[in-house]
Amino acid sequence: MTLRLYNSLSRKKEEFVPQTPGRVTMYVCGPTVYALSQIGHARSAVSFDVIYRYLRYCGFDVEYARNYTDVDDKIIQRANEEGIPSEELAERNIVAFDEDMAALGVELPTKRPKATETIEKIVEVTSTLIEKGFAYESGGDVFYSVRKFEGYGKLSGKKIDELESGARININEQKSDPLDFALWKSSKPGEPSWDSPWGKGRPGWHIECTAMNIEHLGPTIDIHGGGKDLIFPHHENEIAQSEAATGAAPFARYWLHNGFVNIEKEKMSKSLGNILNIREALKEHTYEAIRLFLLSNQYRSPIDYTQDSLKEAETAVERFYKTLDRIEAEFPNLSSAVPGKEALKERVAPVLEAMNDDFNTAKVLGNLFKEVTRANTIMDAMRKSPEKREVTQEEITLIRALFKETGQILGTLDRAPNEYFNEIKSQSLLAPEEIERLIEERAEARKNKDFARADEVRDSLLEKGIILEDKSTGTIWTVKQ
RNA sequence: GGCGGCGUACCCAAGUGGCUAAGGGAGCAGUCUGCAACACUGUCAUUCAGCGGUUCGAAUCCGCUCGCCGCCUCCA
């Protein structure tokens, strides 16, 4: 079984073979930190987080870098609007981004370089590009001469001559060709700047990723990821810069691009005012539901964030943990049980098969919920025929092990059920003591066959979002999502 | 205009040449329950936007038509 992934560069699925056996270098474009991160950043981060997790699950030693672009036009503009230094704005948003990622259960990449910490390399790469004739200095700015790079357009499928007709030409710029893009921009007073052979200035948008790649991962990396919108011009330009500067091609051997998140069928945009920040989403939904939602489509497809789809994800998470909770209640000593190695391998095979097919997490979830039903079915059967307990336990041990493996890969559905339920319960509008007291009162009423009173208690709790479930072992409560 | 993608049940969504078109949600009918909730069972696409072609065989490949979307400009 081999891992196959869709390479944007070749536009087809390819078998994944890292350049060094057992070792993977991966770079994913991180945020430009001019504002709080929105749900689209979450999709990219979660998609590549799962890829990172899975590569390690497969036994690869993964070097994974995700950058912060912390110097840029938008940051400067926004900082000016707020009347604070751009460094302060960037730092504030980096902290916020890190918090959001942690809240989403996204693991830390092994490297998290910042553009402003890579200036030396940026200057070095820019100088090299000038020396090699791919770039030129013009009035304190340095531009990349797109026409000098033979393979320009190979990632995005664009032809230079067709680009020209649509290109915007800024007459104030010192470009010799409108398609050329800035590697280095001379700074205006008050802007962040660094010394360079071309005077005080700051890096252009694309060069920082090239520099960080070369500095942290080398001239040729295995996987380069990012949102689909970055294919052009950002990734196209990264290729042009990197391959021209290092002479090593390809710059990245596999290009992976995640699809967009729409909000109620519409693209997120400032003009529509429907940009959903990660922290706003997390106020309304658990991180596990958000992850499950994001992973319920293949990572390359667009996905629609709607009230319904998130509610569905909540329901799925709850169903999963209810089942896990039931397993723990029925088999309290299961944690010490070890499933047979071969049997487990067989059980996990469909999950790996799905993951190996371009990280098909939707299929993984389908498989997972098939096993959830299976677990409940056999526990139901055991209730009717207790003599089946031993056989059931063996099967449940396997299913539980499968849950664990899958949860590790997906980074959700991997907690202890009581941890999940305690989190849900903490959102209760009523004090838990008060709820317990009412449950007691209802139990008393039920014992006395005063069902009118019992239902009254249950209904009044439901009005406050508290759902009661009568189990054989007693009544439990949870909060309506 | 150039490039790319998509259209599978009421909704979300796997499947991209050959076993019965995964899975979830909603609905309906049952089992369980004092009644519910949870859970389970059954039901829910003779058919994959439409038309034509290739093939022994197509949701899957090709062509055309219709509809939707993205990129080409800052964007995950």
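Naming: A, B, ... by sequence-line order, numbering from 1 per chain.
Side-chain atoms of A/N213 never come within 3.5 Å of backbone atoms of A/I221 as a donor-acceptor pair (strictly under, hydrogens ignored). Between the A/Y254 side chain and the A/E15 main chain, a donor and an acceptor come within less than 3.5 Å of each other. Checked by atom type and distance alone, the side chain of A/T323 never pairs as donor or acceptor with a backbone atom of A/N376 at under 3.5 Å. With A/T306 contributing its side chain and A/S309 its backbone, the two residues share a donor-acceptor pair below 3.5 Å.
For the pair A/I231 CD1 and B/rG5 P, the interatomic distance rounds to 11 Å; values are reported in whole Å. Rounded to a whole Å, the CZ atom of A/F260 is 9 Å from the P atom of B/rG70. Regarding A/K267, its NZ atom lies at a distance of 18 Å from the P atom of B/rC68, rounded to whole Å. In this structure, the CE atom of A/M382 is 14 Å from the C1' atom of B/rC40, given to the nearest Å. We find that CD1 of A/I51 is positioned 13 Å from C1' of B/rA76, with the value rounded to whole Å. When the P atom of B/rC38 is taken as reference, atom CZ of A/F421 falls 12 Å away, rounded to whole Å. Protein atom CZ of A/F48 is 9 Å distant from nucleotide atom C1' of B/rA76, rounded to whole Å. Counting to the nearest Å, the C1' atom of B/rG5 and the CZ atom of A/R11 are 12 Å from each other.
B/rU60 makes up no base pair with any nucleotide shown, lacking Watson-Crick or G-U wobble contacts both under 3.5 Å. Figure legend. B/rA45 is base-paired to no nucleotide; pairs are counted as Watson-Crick or G-U wobble with both atom distances under 3.5 Å. Judged by Watson-Crick or G-U wobble contacts below 3.5 Å, the nucleotide B/rG4 has B/rC69 as its partner. With a cut-off of 3.5 Å on both Watson-Crick or G-U wobble distances, the partner of B/rC10 is given as B/rG25. For B/rU54, there is no paired base (Watson-Crick or G-U wobble, both distances below 3.5 Å). For B/rC32, there is no paired nucleotide, since no Watson-Crick or G-U wobble pair has both relevant distances below 3.5 Å. Of all nucleotides present, none satisfies the Watson-Crick or G-U wobble test against B/rC74 with each distance under 3.5 Å. Remark: B/rC38 base-pairs with no nucleotide in the shown strands. Criterion, Watson-Crick or G-U wobble with two distances under 3.5 Å.
Of the candidates A/R446, A/E436, A/E440, A/E469, A/T475 forms a side-chain contact (heavy atoms from CB on, under 4.5 Å) with just one, namely A/R446.
Side-chain nitrogen and oxygen atoms of A/N376 include at least one within less than 4.0 Å of the OP1 or OP2 phosphate oxygen of B/rC40.
Between A/H224 and A/H235, the two ring planes are perpendicular [angle over 60°; tilted spans 30° to 60°]. The aromatic rings of A/H285 and A/Y305 sit perpendicular to each other, their planes meeting at more than 60°, with 30° as the lower class boundary.
In the set B/rC74, B/rC40, B/rC72, the nucleotide with an atom closest to the side chain of A/K158 is B/rC72.
Going from the P atom of B/rU16 to that of B/rA36 covers 43 Å, rounded to whole Å. Using P as the reference atom, B/rA59 and B/rU20 are 13 Å apart when rounded to the nearest Å. Comparing B/rG70 with B/rC74, their C1' atoms are spaced 16 Å from each other, to the whole Å. For the C1' atoms, the distance from B/rG15 to B/rA45 is 14 Å, rounded to whole Å. The same atom, P, is picked in B/rC56 and in B/rC64; the two are 24 Å apart, to the nearest Å. The same atom, C1', is picked in B/rA58 and in B/rG50; the two are 16 Å apart, to the nearest Å. Look at the P atom in both B/rC69 and B/rC48: the space between them is 24 Å, to the nearest Å. Using atom P as the reference point in both B/rG57 and B/rG52, the two lie 16 Å apart (nearest Å).
Within the cation-pi definition used here (under 6.0 Å to the ring centroid, within 45° of the axis), A/K13 does not qualify as a partner of A/Y6.
Smallest separation of non-hydrogen atoms from A/E371 and A/R347: OE1-NH1, 3.3 Å.
Here A/V28 lies out of heavy-atom contact (under 4.0 Å) with every strand. Within the nucleic acid shown, A/M268 comes within 4.0 Å of at least one base atom, counting heavy atoms only. Across all strands shown, A/K228 has no heavy atoms under 4.0 Å from either base or sugar-phosphate atoms. Using a 4.0 Å heavy-atom distance criterion, A/G227 is classed as a sugar-phosphate-only contact.
Taking for each of A/P31 and A/D380 the nucleotide of RNA chain B with the nearest heavy atom, the 5'-most of the two is the partner of A/D380. Residue order along RNA chain B, read from the 5' end via each residue's closest nucleotide, puts A/S156 first among A/C29 and A/S156.
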Go along nucleotides 12-26 of chain B 5' to 3' and tag each nucleotide: B for a protein heavy atom under 4.0 Å from its base, S when only backbone or sugar atoms are that close, - otherwise. SSSS------BSBS-
For every nucleotide of nucleotides 32-37 of chain B, 5' to 3': is a protein heavy atom under 4.0 Å from its base (B), only from its sugar-phosphate (S), or from neither (-)? --BBBB
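Remark: A/R4 does not engage A/E14 in a salt bridge, criterion side-chain N to carboxylate O under 4.0 Å. Using a cutoff of 4.0 Å between basic side-chain nitrogens and carboxylate oxygens, A/R442 and A/D470 are scored as salt-bridged. Salt bridge A/K185/A/D73: present, at least one basic N to carboxylate O contact under 4.0 Å.
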